[in-house]
Amino acid sequence: MSPSPIGIFDSGLGGLSVLREVRALLPHETLLYLADSRYAPYGDKPQAFVQARTLQACEWLAAQGCKALVVACNTATAHGIQAVRERLPLPIVGVEPGLKPAVAASRSKVVGVLATANTLASDKFARLLHSLEDQCRFVCQPGGGLVARIEQGDVDGPLVRERLQTCLAPMLEAGADTLVLGCTHYPFLSETVRELIGERMTLIDTGVAVARQLQRKLAEHGLAADAGMGGNTGIEPGANPIAVARYCTTSDAEHLRRMARALLHVDAAAETVVIEPAPISL
Ligand code: DGL
């Protein structure tokens, strides 16, 4: 049993969609969220940068006393999680586009995958795709530009709609009935996607599966907090438990606070932390 926090890391705000599910499943855990918004998006940065920065961010979380880490970013998982696992002796959970649940959900056996260019170009993704290609046809589209809009708090503006339409059109034309949201920022676009395509595709988001995997790992390592520890302790009945998480960003804390309120409907204090220098100049 451990009251230490669980570190949740993303290039920016996307990991909040994972934090939301972790908090729902594990309300007694204390969470420490780190958004590397100073360097977001990672999706079109050099892969060596993504790897090195992911390691730096996870080392920072470990130094804060985290008992386990969630790399809540598909791009950082694809390019950096192996290095993190080699360096840090902690349970580490990553995220990957939900191709397997999509194959199970699809009737037409045509699945659309929306992810960053770096995720789609990774060896890890190529292996996953290859393992399922005999069961399904995948139409993959890089969602370039979407993460930057979401970082600005724009989840339904004209640029977002136009970009989504461009990405979704080839999937629909190919007969896709299932859409993998292969970037943790994209669940925040779910309502806009629904407005654009109605019920024509089932949306697959892996946040819940990641939270369950974390729960299993904590149990395996005897690290779960008990009901009296951290998390909800001291929160009045009816208060939103997400408010007890610590929210850190390498960019503007006030912006993270506003975005946590807009995206998660919580009023949380946020702080700016310095994790410098960046490993490779851009
Ligand atoms: N949330 C990250 C992911 O899941 C976004 C990557 C980016 O910063 O471009 O891939």
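For ligands, and for the atoms within them, numbers begin at 1 and follow the listed sequence.
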Considering only protein heavy atoms, which is closest to atom 10 (O) of ligand 1, and at what distance to one decimal place?
Thr75 OG1, 2.7 Å
Tyr42 and its side-chain hydrogen bond (donor to acceptor under 3.5 Å, both in side chains) partner, picked from Asp10, Thr119, Asp36
Asp36
Can you list the ligand 1 atoms lying under 4.0 Å from a non-hydrogen atom of Asp10?
1 (N), 2 (C)
Taking atom CD of Gln82 as the centre, does the number of heavy atoms from other residues, nucleotides or ligands within less than 6.0 Å exceed 12?
no
Numbered in order shown, the ligand 1 atoms found under 4.0 Å of a heavy atom of Thr116 are 6 (C), 9 (O), 10 (O)
For atom 9 (O) of ligand 1, grab the closest protein heavy atom and report residue, atom and distance to one decimal in Å.
Gly43 N, 2.7 Å
Please determine whether a side-chain nitrogen of the Lys or Arg among Arg107 and Asp177 lies less than 4.0 Å from a carboxylate oxygen of the Asp or Glu.
no
Does an N or O anywhere in Ser11 fall below 3.5 Å from an N or O of ligand 1?
yes
Nearest to atom 7 (C) of ligand 1, what protein heavy atom do you find, and at what distance?
Tyr42 N, 3.2 Å
Between Ala40, Ala115, Cys73, which one has a non-hydrogen atom sitting closest to atom 2 (C) of ligand 1?
Cys73
Between Phe49 and Tyr39, does the ring centre distance come in under 6.0 Å?
yes
Reported CD1-to-CD distance for the pair Ile8 and Glu21, which is rounded to 0.5 angstrom:
11.0 Å
Is there a salt bridge (charged side-chain N to carboxylate O under 4.0 Å, His left out) between Arg194 and Glu191 once you walk through the steps?
CA-CA 5 Å; Arg194 279 276 164 254; Glu191 278 181 32; over 6 Å; no
